[in-house]
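Notes to accompany the following structure.
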There are 2 protein chains.
Amino acid sequence: MNYTENSNDAKRRELGSSTRATGSVTLNDVAKLADVSPITVSRAINQPNKVAPKTLERISQAISRTGYFPNQLASGLASRRSHLIAAIVPTMANSVHAETISFFCDRLRDSGYQVLLGETGYSEDQEESLIATVLSRRPDGILLTGTSHSKTSRRLLIGADIPVVETWDLTPTPIDVVIGFSHQHIGQAVAEYLLNKGYRHIGIVSASDNRAKIRARVFIETLARHGNIEVAVSFVSELTNFRLGREGLAHLLDNGFGEGAVFCSSDTLAQGALAEAQARGLLIPDQLAIIGLGDQPYAAHTYPALTTVRFDREIMGRRAAEALLARINGEPVTENCIDIGFSILERETT
Amino acid sequence: MNYTENSNDAKRRELGSSTRATGSVTLNDVAKLADVSPITVSRAINQPNKVAPKTLERISQAISRTGYFPNQLASGLASRRSHLIAAIVPTMANSVHAETISFFCDRLRDSGYQVLLGETGYSEDQEESLIATVLSRRPDGILLTGTSHSKTSRRLLIGADIPVVETWDLTPTPIDVVIGFSHQHIGQAVAEYLLNKGYRHIGIVSASDNRAKIRARVFIETLARHGNIEVAVSFVSELTNFRLGREGLAHLLDNGFGEGAVFCSSDTLAQGALAEAQARGLLIPDQLAIIGLGDQPYAAHTYPALTTVRFDREIMGRRAAEALLARINGEPVTENCIDIGFSILERETT
DNA sequence: CCGTATTATGGTAACGATACCACAGAAACA
DNA sequence: TGTTTCTGTGGTATCGTTACCATAATACGG
């Protein structure tokens, strides 16, 4: 009964348009119009200096006349270069990551690479499945957040044989390149800073993601060792927000923490803590000192201005992009472990 | 001189491995091992219910034995479904957009679609070139921020013949579907709210992106019409931050704006303004009332708590994803203009 | 037990680009 | 002028997958 259709199909094929034709303009159409071979059009687009000026002119006219634009899927398949870079972050809802990615995109903009985004929600399992999914797009490189990955994740990444940049942390054993800062050192540095300022009654309001936990651990250890101080601890979830900061400090205060200094594991938490302290009428920093982490844009402008730990997200995002591009282009990357450092910005809350 | 190489190549080809072989496991390898045809493996992956259980079992063993994972570039090329959705935002550094994208990704996670990210930096030109680049990846759908696009952009998008969702605004003439809220109505509603509260001395600290300018215009018009009030105006850049909020309010106060109410075009600006007011010892809201926009997580917890205009980024992100998926799957989308509305949350700063 | 509907599988030809090699003609050199 | 290098271009095969059609095998109803 569908004989008619079949013969139609056959006719269509004879006429040169296949059953699966999409109607969209292809490189071939441009080539025909410009009266050159497809490969020359391809060269005109990708290596124009290898094509004679007159030919180039004819081709670019044909391109604009047909409204052609390339199909990067086909290009990626044939050239084994997808011109895609995957970026995997815990969550974009945390503005420090959003900012890093923003700088990362900026740096990539004019390189012909585009960013494939994935969120893990701080879960290693989800990271693993995300990595598998993302690798099936054959990205030319991948940006990861953190240095802690499941065995399978590492295996997949190594097997993919593409540049990998890990960020937000340091490790002596990166998969490929790591760009970040030491969370141990931050824990220690903040502890020592507070000791030097003379604080002896110290608490911490901390998120519970891996990196925050490391900072908290070293912070607590350092204070125990150097000042024989027992730290009052209040852990909140991985995802932090203003409310959790208020609640975290409230928890400390309601459980006997009087006056002293509190290290908050993010500026968001610190800002919440600040509000809670003010709501309770505590004098800052005389009765309660607060130090945050991240140097978010608002940190310099809270009232009083927030003391915080600063690290440069612009440098991290940009250098991550540069490292990936360098690796992709086969340039040697001399350092595979880049410490961007951090600093403590003393403002008015300590 | 390279005859030897040629004959090597020929030999290699005879042996079945071509010059361009990549070494990676393909569907064919799996098919051979499972002793079925490639197309059956493809079906086993994409429509497992169409394959006999025993065959399925053999294939999935072959897959895990070989460590195969699919090449989505090839898949996309052959099936004309890239399973890619492009998301274009002004900047991820603005947390309201980052959040929207986060919810958007969440909703898409288990659908097999992934997000290709692009930032326009609030520039229409950059949006245009970004759209062209992105479309060359043949995404199955695209999310845009705002409803104002260049002619070329519109032409490209319509030509691409894929679902398009515009967000963050409303328009009677969407390209395809629009999900957002009315910036005119916000300008009017905030003006009326302040009038009803009895304020007669009113200022505005506003960003200068399209949507903020529309809100500002209607705000000013409404106050002129209904209260015969001349609004003190302080415009800042497109990208807002805390500092600009302080400076914006300072500008107003230094130019003769005494006591009254100020509408800030984002909570970020409002927070900065709040700090500036406090630094100057102004009583809030008695001497200076402030209303923001966005209901950022911290807005409920500033001290005093910030009155603001709220709209639901979760709903916007999620519904945008759902609309795109529905369109892609050919389901009818009844409404092509979805107003998610907004509300004024009265807290302590007004 | 036969004809029909359904299920499971395969062969072949795309999808739209680039890699690889070959080669003609121009330019450079002896 | 003859030889060699360089420049510009094209032919063909391929990248790894799926669409389309065909067909064998099985189930089903009377």
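Just so we're on the same page: letters track the sequence lines, and every chain starts at 1. Given the structure is predicted, the values throughout are model-derived calculations rather than measurements.
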What is the distance from CD1 of I59(B) to P of dT9(C), rounded to the nearest Å? 8 Å

OP1 or OP2 of dT9(D) under 4.0 Å from side-chain N/O of T55(A): yes

Can you check the I39(A) CD1 to dG8(D) P distance for me, whole Å? 15 Å

Does dC15(D) have OP1 or OP2 sitting under 4.0 Å from an N or O in the side chain of T26(B)? no

With a 4.0 Å limit, can you tell me whether T40(B) has a side-chain N or O closer than that to the phosphate oxygens OP1/OP2 of dG10(C)? yes

Taking the six-membered ring for Trp, are W168(B) and H97(B) parallel (under 30°), tilted (30 to 60°) or perpendicular (over 60°)? perpendicular

If you compare every side-chain N and O of S79(A) against the phosphate oxygens of dC15(D) (OP1, OP2), does one of them come in below 4.0 Å? no

Given the structure, check if the side chain of R43(A) and the base of dG10(D) hold any donor-acceptor pair shorter than 3.5 Å. yes

Base of dG16(C) paired with side chain of R138(B) (donor-acceptor, under 3.5 Å): no

Look at atom CZ of R319(A) and say whether more than 12 heavy atoms of other residues, nucleotides or ligands are closer to it than 6.0 Å. no

If the threshold is 4.0 Å, N to carboxylate O, is there a salt bridge linking R318(B) and D106(B)? no

From dA8(C), dG10(D), dG16(C), nucleotide with atom closest to V36(A) side chain: dG10(D)

Which part of the nucleic acid does N46(A) contact within heavy-atom distance under 4.0 Å: base, sugar-phosphate only, or nothing? sugar-phosphate

In this structure, how many angstroms lie between the P atom of dC15(C) and the CZ atom of R80(B), rounded? 8 Å

Atom CG of N49(A): over 12 foreign heavy atoms under 6.0 Å: yes

How many whole angstroms separate atom CG of N71(A) from atom P of dC15(C)? 12 Å

Please give, in whole Å, the distance from dT17(D) C1' to Q47(B) CD? 13 Å

With respect to H149(B), which candidate in E128(B), R154(B), R155(B), E127(B) satisfies the side-chain hydrogen bond (donor to acceptor under 3.5 Å, both in side chains) definition? E127(B)

When you check the phosphate oxygens OP1 and OP2 of dT18(D), does a side-chain N or O of S42(B) lie under 4.0 Å from one of them? yes

For dG10(D), does OP1 or OP2 lie under 4.0 Å from any side-chain N or O of S37(A)? yes

Length of the CG-C1' vector between L56(B) and dT9(C), whole Å: 13 Å

Tell me the interatomic distance from I63(B), atom CD1, to dG16(D), atom C1', rounded to whole angstroms. 14 Å

Whole angstrom is fine here: how far is it from CZ in R81(B) over to P in dG16(D)? 24 Å

